[in-house]
There are 2 protein chains.
Amino acid sequence: MVRPKEFDERIALAAAMQVFWEKGYEAASLSDLTQRMNIQRPSLYATFGGKRELFEAALKAYVQSSLTYIENQLRSDPSVKKSMLAYFQGVIHGAGGSNPDFGCLCVNTMVELAPHDPVFADITGDFQARLTELFQRTIDHGIQSGELPKQLNASSIARVLTLSAIGLSVTMKTKPDPARVEHAAAEILTLLE
Amino acid sequence: MVRPKEFDERIALAAAMQVFWEKGYEAASLSDLTQRMNIQRPSLYATFGGKRELFEAALKAYVQSSLTYIENQLRSDPSVKKSMLAYFQGVIHGAGGSNPDFGCLCVNTMVELAPHDPVFADITGDFQARLTELFQRTIDHGIQSGELPKQLNASSIARVLTLSAIGLSVTMKTKPDPARVEHAAAEILTLLE
DNA sequence: CTCTTTCTATACCGATCAGTACATAATGAT
DNA sequence: ATCATTATGTACTGATCGGTATAGAAAGAG
């Protein structure tokens, strides 16, 4: 056809995701975004539609890659307990290129936007549901392998693990004593006994 | 002296707290604030210093009243388990004039401001520490009364309860199925057995 | 080459932001 | 009643916000 784009949409989207992650939706200005994405303002509008649409795309990409990453982590060890612990350690110390100071983009969005915008309530609610399902499947697997006791209420415990992961990602933003938080994480996992 | 103020500082501060609670710090504009506080802009600056100082004052007032409310709730029933459950029910369904859609002002602040501002990391970190202490004292009390088993790790469990409360207040913003969340809360409290 | 199409770059738009200057109104002191 | 002092109300400031008009640059098609 004609003049090709001079940038890679996926790379630009990943850069936008980082900015929203670090600053939040409102606090991320178009100047911040275009600068970090290395594109000009009209290119952003032509490609993504606008700030809100860009954020929606970035958040959805985050949900996808985050869940994929977690799924792999929950399969990283034959022991369910060990891989669960590894997951929580990752939330506490940062994993997959994430900085615990900025928590989870999805959790941040629940706080900032979900109460005022049903679209983001849906997206972030879906994230929680899928994460809970991941936990539940992992617990079920552990029960089947004999590592975990049969009488566990896998569904409720999975929901608790999701709640705990959210709580952890928030609490880490206040830079608490890591040892204390690790003890708490270990205590949470006693629910699997 | 001279012309007296035409408004009550405490009432105005409570109104400001509500606005920050509903909208967050950045999204709360001075127009929002002065309107809900029923004062003029220069009065706000003369009395509180500025938007940031106003927020700081509102947050500190929130921490104080919130902890007092929770302390009373944790003493509301001779049974530690029952009063703990009552507390979590309050987080889920709203209590003390709070709307679960907007969660906890302190949690919201952890997400929005703590990573970028050590002052608010301190205030919100302090809130968590004091809440954890409240939980721990409650657990200790339950152990002494014989309601809870002696071998509980009160310190770690208290930390988990704080984490869970934070997670709950965030998750409620996405309007999940209340029954599911209540089951999870009940599961958390099995840590007390 | 020339034309057409699409992207890029600059510069701009009205709106809104937090914060303030200034004139007026209201009170206690004298 | 007059003055000093403080609060109020209006109107403004420069800066920044998200979004866009417009002109020029780059590439394929003929």
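The analysis underlying the following values was restricted to heavy atoms, covering all of them including side chains, and did not include hydrogens, waters or symmetry mates. Below, chains carry the letters A, B, ... as their sequence lines are ordered, and counting in each starts from 1.
- As rounded to whole Å, 17 Å separates atom C1' of C/dA18 from atom CD of B/Gln35.
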Sequence neighbours left out, cut at 3.5 Å: what donor-acceptor pairs do the side chains of residues 178-186 of chain A make with other protein atoms?
{"residue": "A/Glu182", "atom": "OE2", "partner": "A/His93", "partner atom": "NE2", "Å": "3.1"}
{"residue": "A/His183", "atom": "ND1", "partner": "A/Ala179", "partner atom": "O", "Å": "3.4"}

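- For B/Phe127, the ring-ring contact (aromatic ring centres under 6.0 Å, His included) test picks out no residue, with sequence neighbours left out.
- Rounded to an integer number of Å, the gap from CD of A/Glu9 to C1' of C/dC7 is 13 Å.
- Scanning for side chain to side chain donor-acceptor pair (under 3.5 Å) contacts around A/Arg75 gives an empty result, with sequence neighbours left out.
- Here the P atom of nucleotide D/dG18 and the CD atom of A/Glu53 are 13 Å apart, to the nearest Å.
- A/Phe7 places its CZ atom 15 Å from the P atom of C/dT6, with the value rounded to the nearest Å.
- Interface residues of residues 14-34 of chain B facing DNA chain D, ordered by number: none; criterion, heavy-atom separation under 4.0 Å.
- Annotation: side chain to side chain donor-acceptor pair (under 3.5 Å) contacts of B/Asp122 (sequence neighbours excluded): none.
- Under the rule for a side chain to side chain donor-acceptor pair (under 3.5 Å), the partners of A/Thr162 that lie at least two apart in sequence or sit in another chain are A/Thr132.
- Remark: A/Ser79 pairs with A/Glu147 by the side chain to side chain donor-acceptor pair (under 3.5 Å) rule, at least two apart or across chains.
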Listing, residues 38-50 of chain A side-chain donor-acceptor contacts under 3.5 Å, not counting sequence neighbours, or none:
{"residue": "A/Arg41", "atom": "NH2", "partner": "A/Ser31", "partner atom": "OG", "Å": "3.1"}
{"residue": "A/Thr47", "atom": "OG1", "partner": "A/Lys5", "partner atom": "NZ", "Å": "3.2"}
{"residue": "A/Thr47", "atom": "OG1", "partner": "A/Ser43", "partner atom": "O", "Å": "2.7"}

How does each nucleotide of nucleotides 9-15 of chain D score, in 5' to 3' order, for protein heavy atoms under 4.0 Å: base (B), sugar-phosphate only (S), or none (-)? BB-----

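- Using the six-membered ring where Trp is involved, A/Phe20 and A/Phe55 have ring planes that are perpendicular, over 60° apart on the 30 and 60° scheme.
- What separates NZ of B/Lys51 from P of C/dT20 is a distance of 14 Å, to the nearest Å.
- Distance B/Leu54 CG to C/dA18 P: 11 Å, rounded to the nearest Å.
- Atom C1' of nucleotide D/dT8 and atom CG of B/Leu44 are separated by 13 Å, given to the nearest angstrom.
- Scanning for salt bridge (charged side-chain N to carboxylate O under 4.0 Å, His left out) contacts around B/Asp177 gives an empty result, with sequence neighbours left out.
- One finds no salt bridge joining A/Glu26 and B/Lys23 here, because no Lys/Arg side-chain nitrogen approaches an Asp/Glu carboxylate oxygen to under 4.0 Å.
- For A/Phe102, the ring-ring contact (aromatic ring centres under 6.0 Å, His included) partners at least two apart in sequence or on another chain are B/His116.
- Put simply, OH on A/Tyr45 is 7 Å from P on D/dT20, counting in whole angstrom units.
- Residues from residues 109-124 of chain A placing a heavy atom under 4.0 Å of any atom in DNA chain C do not occur.
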